[in-house]
Amino acid sequence: MLVTSRRLSCLATQFGRAWVSSEPTRRPPPARPHWMERVESPPVNLSDTHPNQHDMHSDPRREIIGNRDVLREGYDPETIRHRAAEIDALSTLLSPTKVGGITETALLYGPPGSGKTCTTTAVLEEIENEHGVPTVAVNCWDDHTKSRVLYSVLKSLVGQTAYDQERTAASTLLDAVKDAIDEPTIIFLDEADKLVDEGVLRDLYEIEPVRLLLAGNDRHRVVGNLEHRVYSRIGTAQDVEFEKYHDGQLVEILEDRLTAAKVKPDIVSDEALAGIADAGSRDARKAIATLRNALDIVVLEGADEVTGPIIERAEQKAEQDIAHARISSLTASQTLVLKVLFDIGASTSGTIYDEYEQRIDDPAVDRTVRGWLTTKFPQYNLVTIREEENPQEYELTDAARAILE
DNA sequence: CATCCACGGGAAAAGCCGGTCG
DNA sequence: CGACCGGCTTTTCCCGTGGATG
């Protein structure tokens with residue numbers, strides 16, 4: 001099943017480019033700078049803390065997964081597959097001869113799990129290593145406010161700072177960032193559509209040597225209403241669009257991980273792999289999470305191989321882990337709104353609010369609850385909005401419902 | 001030294017309101 | 001008209017700091 005020759009030949013055709021074939025030089029772990037923790041921290045994954053890793057000496061099961069690390073969220077693969085065009089576009093856009101030239105901004109957009117982050121990270125790493133161009137990456141999901149973005153940028157540029165992240169004025173941080181930048185520098189804001197205050201984009205953009213890379217799910221959300229206020233000043237931004245992987249491509253990506261993770265052969269059949277790719281609904285992040293969970297189930301339950309039912313459970317677990325973590329981060333009041341939704345099913349904001357108000361002593365005001373329903377909860381993938389209804393209705397996602405039971 | 005309190009700042013909540021739809 | 005939506009603005013909340021006070 002793990003057809004090595006197929007993988008290699010595929011690689012060869014995918015990447016004729018020099019920088020790709022210099023693969024092995026990529027990612028010297030210690031050189032992994034600053035923001036790496038951020039990339040790893042995102043939304044959480046309870047199952048990441050799961051079994052083995054330690055105490056695996058006498059455990060015969062350790063044979064099953066040699067290196068589970070490769071399967072964790074945020075791990076940067078050795079090889080970027082099926083993104084040759086995007087890599088090409090990014091490399092051209094960011095090549096050192098252009099950095100410092102005309103200030104341009106690149107806009108990367110595409111659905112979740114379409115390789116935006118890992119592709120861009122790889123290209124940036126290449127540029128930093130080969131050409132000495134400083135690069136900074138910020139995940140705006142974690143750092144979605146102005147001060148946090150600036151703090152994060154500053155920390156990447158100068159290491160530890162004397163500033164207190166929460167307490168120093170954004171303007172102070174901005175000045176410090178300006179001072180720290182004296183040569184062309186690439187700043188990559190991942191999930192830029194999660195920013196609360198897009199003013200920070202303009203602030204960063206106006207620092208002369210800075211070149212911005214913005215990534216998000218759809219172009220409209222990323223540029224959206226900053227079109228006039230910021231975007232026009234940003235000038236001609238170059239778009240790089242990422243599309244969902246096809247199932248076949250996803251299978252190859254999963255095969256790479258299986259090999260790198262040194263998973264014992266025969267645990268995951270071709271058929272199972274296809275099933276996992278299918279469950280991932282063309283989202284690489286989700287597919288990998290499903291694979292990881294499926295293998296954990298196999299290990300924990302001593303199964304012989306990954307089966308259909310295991311894949312199904314693994315898929316649900318992947319979603320629920322995330323939902324669980326998200327729900328834990330909510331306030332009691334916010335959780336109550338979800339419970340109301342759980343009890344009464346899909347409803348309009350008015351109905352939800354009436355019921356919510358009944359159940360709590362000091363309810364938040366309706367505008368606030370509406371804000372949660374339309375922005376925060378959907379972003380957390382806890383609620384979906386049924387826009388076809390008029391007025392629109394809010395409904396819990398399956399994962400959220402499973403947690404609230 | 002221990003407490004108290006006013007202050008500065010960001011983030012989140014609350015308030016306001018014009019607009020849409022049936 | 002009533003119910004709801006969502007952009008924008010204003011207010012409140014919250015917390016570390018630092019100076020004053022007992």
Side-chain angles (χ1 to χ4, degrees), chain A residues 38 41-43 138-155 160-178 189 191-204 216-218 220-232 326-341 344-380 382-396:
Chain A
R38 295 229 159 276
S41 66
V138 177
N139 186 327
C140 301
W141 176 281
D142 298 321
D143 299 318
H144 57 286
T145 66
K146 184 172 185 170
S147 65
R148 289 192 58 114
V149 168
L150 291 172
Y151 183 82
S152 184
V153 168
L154 188 61
K155 202 170 143 209
Q160 279 307 330
T161 78
Y163 299 105
D164 175 350
Q165 166 160 340
E166 297 293 323
R167 301 297 139 200
T168 29
S171 55
T172 312
L173 291 173
L174 183 61
D175 288 340
V177 169
K178 282 177 183 164
L189 299 182
E191 316 222 34
D193 45 356
K194 302 296 186 301
L195 284 174
V196 211
D197 177 8
E198 64 246 18
V200 69
L201 295 184
R202 198 195 51 220
D203 291 339
L204 289 175
N217 287 346
D218 69 275
H220 183 71
R221 294 289 292 253
V222 182
V223 210
N225 45 9
L226 42 121
E227 197 100 39
H228 302 301
R229 293 170 50 191
V230 184
Y231 193 47
S232 58
R326 302 268 166 83
I327 288 177
S328 331
S329 75
L330 299 178
T331 65
S333 200
Q334 290 166 339
T335 312
L336 179 58
V337 173
L338 294 177
K339 281 184 189 140
V340 166
L341 213 38
I344 68 181
S347 322
T348 63
S349 68
T351 316
I352 296 165
Y353 187 75
D354 288 345
E355 180 61 25
Y356 157 79
E357 199 183 14
Q358 298 294 314
R359 298 198 198 177
I360 193 172
D361 288 338
D362 51 344
V365 99
D366 67 335
R367 180 69 184 86
T368 301
V369 172
R370 242 176 31 241
W372 299 341
L373 286 168
T374 56
T375 309
K376 188 170 189 117
F377 295 163
Q379 205 164 78
Y380 277 22
L382 298 172
V383 163
T384 50
I385 299 178
R386 301 161 53 104
E387 302 200 30
E388 70 276 10
E389 304 290 332
N390 206 316
Q392 68 195 25
E393 293 189 344
Y394 306 87
E395 187 175 25
L396 285 180

Output the residues of residues 346-359 of chain A in contact with DNA chain B, where contact means a heavy atom of the residue under 4.0 Å from an atom of the strand; sort by number or write none.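 Close to the strand, none.
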Return the angle between end axes of the helix from B:dC1-C:dG22 to B:dG22-C:dC1, with five pairs used per end and rounding to 10°.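 The end axes of the helix from B:dC1-C:dG22 to B:dG22-C:dC1 are about 30° apart, to the nearest 10°.
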Test salt bridge (Lys or Arg N to Asp or Glu O under 4.0 Å) on A:Asp143 and A:Lys194 and set out the steps. CA-CA 9 Å; A:Asp143 299 318; A:Lys194 302 296 186 301; over 6 Å; no
Can you work out whether A:Lys376 or A:Arg370 has the more 5'-proximal nearest nucleotide on DNA chain B?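 The residue whose closest nucleotide sits nearer the 5' end is A:Lys376.
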To the nearest angstrom, how far is [X] atom [atom1] from [N] atom [atom2]?
{"X": "A:Trp372", "N": "B:dA12", "atom1": "CH2", "atom2": "P", "result": "12 Å"}
{"X": "A:Tyr394", "N": "C:dA3", "atom1": "OH", "atom2": "C1'", "result": "12 Å"}
{"X": "A:Asn390", "N": "B:dT20", "atom1": "CG", "atom2": "C1'", "result": "8 Å"}

Below the 4.0 Å mark, does C:dG6 have OP1 or OP2 next to a side-chain nitrogen or oxygen of A:Gln392?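 Affirmative; the distance criterion is met.
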Can you find a side chain N or O atom of A:Thr368 that sits less than 4.0 Å from OP1 or OP2 on B:dA12?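 No, no such contact exists.
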Do A:Arg148 side-chain and B:dG10 base share a donor-acceptor contact under 3.5 Å?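 Counting by modelled atom types and ignoring angles, no donor-acceptor contact under 3.5 Å is found here.
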Any idea which of B:dA14, C:dC5, B:dG10 is nearest the A:Ala364 side chain?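 Given the options B:dA14, C:dC5, B:dG10, the side chain of A:Ala364 is closest to B:dA14.
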Decide, yes or no, whether a salt bridge links A:Asp142 with A:Arg148 under the criterion of side-chain N to carboxylate O below 4.0 Å.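 A:Arg148 and A:Asp142: not salt-bridged.
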